[in-house]
Amino acid sequence: MPRVLQVYGRCADFQTLRAIEQLSSGLGASFDVYTRTIGRGGDFRNVPSAALGLRDDLRQFDLVHAWGIGALSAAAFASSSGRIVFTPTPFPSRRQIGWIRAILNYRDVQVVCPTATLRRALVERGIPLPRCHLIRPGVDFARVKRRRDPALRAALALADDHHVLLGLGESTRAADHRQTVWGGAILNVLDHRTRVLLWGRGPMAPAAARLGQRLGQPELVTLAEQRLGRHLDFEDLLPAADMLVVSATTPVATLPIAIGMAAALPIVATVTSTIAELLEDRHTALMTQPAVPRLLAQRIMQLREDPQMQWSLADTARVEAYEFFSLSRFLDQFRALYTQVIEGRTAEVIEPAPGAGLRFHGRG
């Protein structure tokens, strides 16, 4: 039975942790999957200690999947012959891509990208196309809750008549939830029932909440986990929202967006390369470029005043999420890739064809 080791940083983002969880539990009885973490409180204190510790570990495994540059560096230094699968987290810089390219010159590494944008960037900067594969994240639709939850809203101090804007994903610099807060503040001047809900995770979450206070609207922003004082899955927030807002300015993790699509909630989004893979203006979302709070507010108001458009966009987004981001597809593709790498065959990830009548702009 093949033994696979997942290595990742203790501070990994939501998309990475969810993917590791899915692979650990979903690959089936044909794989034994183990995990090791790097960072304070993890299995290894830092990358050098991980490289030393993994030397013995890698003899016991048929394949190691490294998530992030640090994990890749540790795996590459630890083994000269072991087979490695690598997923960049987050979007790497030019310097990091150069380091990846250098490692690929000396190690058997297959690179897996969660977006076509990332894959294209890596190939354009010298990563060989045959060793660079696209596997989009998988949504566990059983976790997606579509019905509005009055009890959850009440616990979050959100009234029934509040119009709640949920900023998608973790609050990072790339996600730039400040734009969502600022746009919500503009709308709240016009209609005092507007509220902004954020998950509360990510390094920029406190700053986003403080922005609401600086704008003179201390009740505008709610950090969900801090308000409730407990851990929440991202899917748990969806029943509290009326509309989803993606205000990213640079490439972001796409799993939260795919989850939002599956929830059949109307979406307003900015245009970036990764977001444009998932969403299309007036097809699955209302979109604006660039990420300017005033323009975001205009799009939100436009969509809010048109229930028919809300239903149409949300329903189309839900259908495309089920078609392109199924968990079974995600697991099947990784199962096939792992098997090919372990057996020494040419690695090839097959992208399923879309259903009739569907459009998806992330193919590639």
Side-chain angles (χ1 to χ4, degrees), residues 90-91 115 117-118 121 162-223 237 241-254 256-258 260-261 265-307 309-310 312-314 316-317 361-362:
F91 203 101
T115 65
T117 299
L118 175 55
H162 283 156
H163 188 260
V164 181
L165 309 174
L166 174 59
L168 280 176
E170 296 164 292
S171 297
T172 61
R173 291 190 180 277
D176 204 356
H177 285 160
R178 297 172 304 166
Q179 308 295 335
T180 299
V181 172
W182 199 337
I186 294 171
L187 293 169
N188 202 36
V189 171
L190 304 174
D191 184 345
H192 296 299
R193 297 172 297 175
T194 302
R195 294 292 185 271
V196 175
L197 178 63
L198 301 178
W199 192 1
R201 295 191 192 180
M204 302 303 295
R210 288 194 298 269
L211 177 59
Q213 297 173 349
R214 291 202 302 270
L215 293 173
Q217 300 182 33
E219 302 298 321
L220 175 67
V221 182
T222 298
L223 302 182
L237 298 177
D242 297 297
M243 189 175 294
L244 308 179
V245 181
V246 186
S247 53
T249 50
T250 55
V252 291
T254 53
I257 302 173
M261 294 168 67
L265 285 167
I267 301 174
V268 171
T270 54
V271 177
T272 70
S273 53
T274 50
I275 293 171
E277 287 188 36
L278 280 71
L279 302 173
E280 180 186 3
D281 189 33
R282 297 184 179 276
H283 178 65
T284 51
L286 276 190
M287 305 183 74
T288 180
Q289 186 180 17
V292 176
R294 175 180 56 83
L295 299 179
L296 271 175
Q298 287 178 349
R299 285 300 204 186
I300 293 168
M301 183 178 295
Q302 180 184 355
L303 188 53
R304 184 176 173 180
E305 293 175 348
D306 191 337
M309 183 184 293
Q310 290 182 38
S312 175
L313 296 179
T316 303
H361 299 271

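Q179 places none of its side-chain heavy atoms less than 4.5 Å from the side chain of T270. Side-chain contact between Q302 and Q298 is absent, with no heavy atoms from C-beta onward closer than 4.5 Å. The shortest side-chain heavy-atom distance between V268 and L296 falls under the 4.5 Å cut-off. Side-chain contact between L279 and M261: present, with at least one pair of heavy atoms (C-beta onward) separated by less than 4.5 Å.
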Under the side chain to side chain contact (heavy atoms under 4.5 Å, CB included) criterion, do R299 and D281 qualify, and how do the steps go? CA-CA 11 Å; R299 285 300 204 186; D281 189 33; 3.7 Å; yes
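Rounded to the nearest 0.5 angstrom, M309 CE and R304 CZ are separated by 15.5 Å. For the atom pair CG of L278 and OG1 of T284, the computed distance is 8.0 Å after rounding to the nearest 0.5 Å. From L265, atom CG reaches atom CG of L313 across 12.0 Å, with rounding to the nearest 0.5 Å. Atom CZ of R294 is separated from atom CD1 of I186 by 8.0 Å, given to the nearest 0.5 angstrom. Summarising the geometry, atom CG belonging to L237 is positioned 11.0 Å from atom OG1 belonging to T222; distances are rounded to the nearest 0.5 Å. Here the CG-CG distance, from D242 to L303, works out to 11.0 Å after rounding to the nearest 0.5 Å.
Under a 3.5 Å cut-off, the side chain of S247 and the backbone N or O of A175 do form a donor-acceptor pair. Using modelled atom types, one side-chain atom of N188 and one backbone atom of T194 make a donor-acceptor pair closer than 3.5 Å.
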Donor-acceptor list for residues 197-215 side chains, cut-off 3.5 Å, not counting sequence neighbours:
unit_1 : atom_1 : unit_2 : atom_2 : d
W199   : NE1    : E225   : OE2    : 3.4
W199   : NE1    : L232   : O      : 3.1
R201   : NE     : E225   : OE1    : 3.3
R201   : NE     : E225   : OE2    : 3.1
R201   : NH2    : E225   : OE2    : 3.0
R201   : NH2    : H231   : ND1    : 2.6
R201   : NH2    : H231   : NE2    : 3.3
R201   : NH2    : L232   : O      : 3.0

Let me check something: any side-chain donor-acceptor pairs from residues 163-171 under 3.5 Å, sequence neighbours excluded? List them with distances.
unit_1 : atom_1 : unit_2 : atom_2 : d
E170   : OE1    : F14    : N      : 3.0
S171   : OG     : H177   : ND1    : 2.8

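The shortest non-hydrogen separation linking R173 to T249 is O-OG1, 4.1 Å. Contact between E280 and M287 at its shortest, heavy atoms only, is C-SD, 3.7 Å. Taking each heavy atom of P251 and S273 in turn, the nearest pair found is CG-OG, 4.3 Å. The nearest pair of heavy atoms linking I275 to A248 is CD1-CB, 3.8 Å.
Counting non-hydrogen atoms of neighbouring residues, nucleotides and ligands closer than 6.0 angstrom, the CZ atom of R178 reaches no more than 12 such neighbours.
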